[in-house]
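Scroll down for the structure; my scribbles are underneath it.
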Amino acid sequence: MSRHIDIETLSKYFLNQLSREEETAVQEHLRSCPECAGKLASMRRLRREFFEDAEKKPSVMFRIVHSGWTKAAAAVILLAGIGFFTAETVRNRESIFEQNRINGAEQQDNVLAVDTFDREDSVYYREKYGEDFKF
């Protein structure tokens, strides 16, 4: 082959679709022609970048889940949730203290848990279990 190899023949060589004689002729030409050898090298590089490297790269979902921004967003959401529930607990606790003060009950100095049992619950259980139920 005195001239350059056409792209169709080079592609067939790259895909192993040539006969033994044509393959030998292309190989001899590639040894003496750096331009055609460069085209073949480009084809191989393209295949490697598209197919072989794609198998090594993690999936998009994996990259999203393991990114720093996702972790930061999850931390912000978690802290906001904890803050919300803590504020609700404090608000409910203050509400219980206020109810005790209005009802004339003794002030409790140490309340570790929020008492969510209110008068409506008390009426319900008294009706259900009778007067023996103590609140």
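Heavy-atom basis, side chains included; hydrogens, waters and symmetry copies ignored.
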Would you mind listing the cluster partners of Ile77? Hydrophobic ones only (ILVMFWY), side-chain contacts under 4.5 Å, chaining allowed. none

Check whether Leu79 and Trp69 end up in the same hydrophobic cluster, where Ile, Leu, Val, Met, Phe, Trp and Tyr are linked by side-chain heavy atoms less than 4.5 Å apart. no

May I ask you to test the Val26-Leu40 pair for a side-chain heavy-atom distance under 4.5 Å? no

Point-to-point distance, once rounded to the nearest 0.5 Å, from OG1 of Thr9 to CD of Gln17: 11.5 Å

Other ILVMFWY residues reachable from Phe85 by side-chain steps of under 4.5 Å: Phe84

Rounded to the nearest 0.5 Å, how far does CZ of Arg47 lie from CG of Leu15? 8.5 Å

Going by salt bridge (charged side-chain N to carboxylate O under 4.0 Å, His left out), name the residues that satisfy it together with Lys12, two or more places apart in sequence or in a different chain. Glu8

Below 4.5 Å, heavy atoms only, C-beta onward: do Met43 and Ile7 meet side chain to side chain? yes

Check which hydrophobic residues are tied to Ile82 through side-chain heavy-atom contacts below 4.5 Å, counting indirect links as well, and list them. Leu78

Out of curiosity, Lys39 NZ to His4 NE2, how far, rounded to the nearest 0.5 Å? 6.5 Å

Qualifying residues under side chain to side chain donor-acceptor pair (under 3.5 Å), relative to Arg45, sequence neighbours excluded: Ser42

Quick check: do Tyr13 and Ile5 have side-chain heavy atoms less than 4.5 Å from each other? no

Which residues pass the side chain to side chain contact (heavy atoms under 4.5 Å, CB included) test with Ser19, sequence neighbours left out? Glu21, Glu22

